[in-house]
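Quick notes on the structure that follows.
Here the structure is a predicted model, which is why all the values come from computation and not from measurement.
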Amino acid sequence: MSSLGVAIIGYGLAGAVFHAPLISAEPRLRVAAVVTGSAERAEQARRDHAGVRVLPDADALFADLSGIDVVVVASPNRTHAALARRALAAGTAVVVDKPFAVTSAEAAEVIRSAEEAGRILTVFQNRRWDGDFRTVGQLAGDGRLGRVRRFESRFERWRPVPKSGWRETGTAADAAGILYDLGSHLVDQALTLFGPVTTVYCELDSRRPGVSTDDDMFLALTHAAGVRSHLWASAVAPLLGPRFRVLGEKAGYQVHGMDPQEDALRAGRRPGDGTPWGTVDPERYGILGAEPERAAFPTVPGDYLAFYRALADAILDGAPVPVDPGDALAGLRILEAARESAVSGTVVQL
């Protein structure tokens, strides 16, 4: 059969670097249309994808959806919910980049729209397929750590000079700031591993001049299962902590550095290009054990393509979607509680 046509709304970092290369690497999908108001990005899309239809705005796309089976919403956060609802009403499957919406109420509306339309809806939580996160999941699931007591996770960067753009100068109405950006990934990973959360405590700060939203975050979650998740995201960390530190009753696991897939995509690589994908060198393996016995533990390869592979399975074969939008709704409720906690300085009960 012919491949499914995919339209990408937004061709910035998310659309051009994360979504388009992965869509192109899945043989059952193809980038059929790109929506961008930037002449420079329009030319980039034409170079990247032969025969792609480039449109100046979402209205032009929805006026003619011929050949489009899937709409990927990779536009600024504040537009996610409205565009997703339009695409669902038009009869396409929908992928929404994180964060799913600005508020949990918006997210719930999108989910209702998908149910009423009988269309597939999912959320691009690609960090579920980071190699180091997959390794943590393996260790937590096979008993080598014993019962996990504490889960520490970090996305830290050293960017003392801010970049321009809405992510750093926007407001809560834009879902700007590091809580809704990197925090969306951190929360989703914690929920994926350890399930529902009962309490939330958060500290948010704006550390750099000219930044109007949060660029430094600490978030503490208590899971119903008893695990405590401590999550950090920062643009102002001159010394980077471990990416993961997981402490169990029998052993712990600690790993430094970032999953290599983002850098590979930024460099123009794609899964299946003939060289190993998502792997790290042995010197970057994490450490597993309990003092004094500890040893390097091989990192499971990362696999971002799994998201779009699962999406094609869901559309063509009725398989489950790669990310249940209900999971993203639960994550948004935690992000909202985190903002409430940061303002009040208190623990918020869910």
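- The minimum heavy-atom distance linking P301 with W277 is given by the pair CB-O, 4.1 Å.
- The closest donor-acceptor contact from the side chain of D216 to the backbone of R207 lies at 3.5 Å or more, if one exists at all.
- Considering only heavy atoms from C-beta on, F133 comes within 4.5 Å of L193 through its side chain.
- Under a cut-off of 6.0 angstrom, the local environment of CZ in R46 is crowded, with over 12 non-hydrogen atoms contributed by other residues, nucleotides or ligands.
- Contact of the L311 side chain with the V321 side chain is not registered, since no non-hydrogen atoms from C-beta on lie closer than 4.5 Å.
- Atom CD1 in I8 sits 12.0 Å away from atom OG in S75 (nearest 0.5 Å).
- L219 and V347 fall into different hydrophobic clusters, where Ile, Leu, Val, Met, Phe, Trp and Tyr residues are linked whenever their side-chain heavy atoms come under 4.5 Å apart, directly or through other members.
- Residues V136 and L139 fail the side-chain proximity criterion, which asks for heavy atoms closer than 4.5 Å.
- Residues V73 and D97 have side chains not in contact (no heavy-atom distance under 4.5 Å, counting atoms from C-beta outward).
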TODO: I would like to know whether R270 and S24 meet side-chain contact (heavy atoms from CB on, under 4.5 Å); could you show each step before the answer?
DONE: CA-CA 9 Å; R270 294 181 180 179; S24 297; 3.3 Å; yes
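- Pairing each heavy atom of R245 with each of L247, the nearest pair is NH1-CD1, 3.7 Å.
- Here the straight-line distance linking atom CG of D48 with atom CD of E43 works out to 11.0 Å at 0.5 Å rounding.
- The minimum heavy-atom distance linking A58 with V35 is given by the pair N-CG1, 3.7 Å.
- When all heavy atoms of A225 and R147 are compared, the pair lying nearest together is O-NH2, 2.7 Å.
- Between the CD atom in E249 and the CG atom in L145 there is a gap of 10.0 Å [rounded to 0.5 Å].
- Qualifying side chain to side chain contact (heavy atoms under 4.5 Å, CB included) partners for A84, counting only residues two or more places apart in sequence or in other chains: V94, V96, V110.
- Side-chain polar atoms of S3 and R30 form a donor-acceptor pair below 3.5 angstrom.
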- [ ] Apply side-chain contact (heavy atoms from CB on, under 4.5 Å) to T122 and F307, showing your working.
- [x] CA-CA 10 Å; T122 188; F307 179 91; 3.7 Å; yes
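- Listed for the D259 side chain is a donor-acceptor partner under 3.5 Å among the backbone atoms of Q261.
- Annotation: side chain of L288 is not in contact with side chain of R294 (no heavy-atom distance under 4.5 Å).
- The distance from atom CH2 of W166 to atom CG of D174, rounded to the nearest 0.5 Å, is 7.0 Å.
- In this structure, R266 pairs ionically with E262, as a charged nitrogen and a carboxylate oxygen lie closer than 4.0 Å.
- For E168 (side chain) and P162 (main-chain N/O), no donor-acceptor pair under 3.5 Å exists by modelled atom type.
- At a threshold of 4.5 Å between side-chain heavy atoms, the hydrophobic network of Ile, Leu, Val, Met, Phe, Trp and Tyr places L182 and L13 in one connected group.
- When hydrophobic clusters are built by joining Ile, Leu, Val, Met, Phe, Trp and Tyr residues whose side-chain heavy atoms come closer than 4.5 Å, directly or via intermediates, I120 is grouped together with L316.
- Of the possible polar contacts, none joining the R134 side chain to the R128 backbone as a donor-acceptor pair under 3.5 Å is found.
- Within the 4.5 Å cutoff, side-chain heavy atoms of M217 are placed close to those of L186.
- By the 30° and 60° cut-offs, the orientation of the rings of Y304 relative to F18 is tilted.
- Of the possible polar contacts, none joining the D313 side chain to the A319 backbone as a donor-acceptor pair under 3.5 Å is found.
- Between R154 and E152, at least one side-chain nitrogen of the basic residue sits less than 4.0 Å from a carboxylate oxygen of the acidic one, meeting the salt-bridge criterion.
- Here the options are H185, H80, H19, the test is ring-ring contact (aromatic ring centres under 6.0 Å, His included), and the partner is F124; only H19 passes.
- The backbone N or O of P76 sits nowhere less than 3.5 Å from a side-chain atom of R167 that would complete a donor-acceptor pair.
- Taken to the nearest 0.5 Å, the CD atom of Q189 stands 11.5 Å off from the OG atom of S184.
- Using a 4.5 Å heavy-atom cutoff, the side chains of I287 and V255 are not in contact.
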Open item on the list: Using side-chain contact (heavy atoms from CB on, under 4.5 Å), reason through D59 and R86 one step at a time and then give a plain yes or no.
Closed with: CA-CA 10 Å; D59 288 342; R86 287 186 71 180; 2.9 Å; yes
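- Without hydrogens or angle criteria, K250 side chain to G143 main chain gives a donor-acceptor distance under 3.5 Å.
- Salt-bridge annotation for R159 and D215: absent, with no side-chain N of the basic residue lying under 4.0 Å from a carboxylate O of the acidic one.
- V102 is not connected to I9 by any chain of hydrophobic side-chain contacts under 4.5 Å among Ile, Leu, Val, Met, Phe, Trp and Tyr, and they are in different clusters.
- Within 6.0 Å of CZ in R228 there are 12 or fewer heavy atoms belonging to other residues, nucleotides or ligands.
- Ring pair F218/W232: centre-to-centre distance below 6.0 Å.
- Contact annotation: the side chain of L4 approaches that of I315 to within less than 4.5 Å [non-hydrogen atoms, C-beta and beyond].
- Summarising the geometry of L121 relative to P325, their closest heavy-atom pair is O-CD, 3.5 Å, with the distance given to 0.1 Å.
- The CD atom of E336 lies 10.5 Å from the CG atom of L179; values are rounded to the nearest 0.5 Å.
- Within the cation-pi definition used here (under 6.0 Å to the ring centroid, within 45° of the axis), R243 qualifies as a partner of F155.
- Judged purely by atom type and a 3.5 angstrom limit, D64 uses its side chain to pair as donor or acceptor with the backbone of S66.
- Remark: aromatic rings of H230 and F151 are distant, center separation not under 6.0 Å.
- T92 places no side-chain N or O within 3.5 Å of a backbone atom of D69 that could act as its donor or acceptor partner.
- In terms of modelled atom types and a separation under 3.5 Å, the side chain of Q254 and the main chain of V246 share no donor-acceptor contact.
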- [ ] Go through the steps for T299 and R284 under the test side-chain contact (heavy atoms from CB on, under 4.5 Å), then give the verdict.
- [x] CA-CA 8 Å; T299 301; R284 289 188 52 202; over 6 Å; no
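- Its side chain outside the 4.5 Å cluster rule for every partner, V343 clusters with none of the Ile, Leu, Val, Met, Phe, Trp and Tyr residues.
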- [ ] Carefully, step by step, assess H223 and S229 under the rule side chain to side chain donor-acceptor pair (under 3.5 Å).
- [x] CA-CA 8 Å; H223 296 265; S229 289; 2.7 Å; yes
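- L204 and Y201 sit in two unconnected hydrophobic clusters of ILVMFWY residues. Membership requires side-chain heavy atoms under 4.5 Å apart, directly or through other members.
- Under 4.0 Å is where a charged nitrogen must lie from a carboxylate oxygen, and between R127 and D130 at least one such pair does.
- No side-chain donor-acceptor contact under 3.5 Å links Y180 and D214.
- Residues S344 and T346 bring a donor and an acceptor atom of their side chains to less than 3.5 Å of each other.
- Closest heavy-atom contact between L329 and S104: CD1-O, 3.3 Å.
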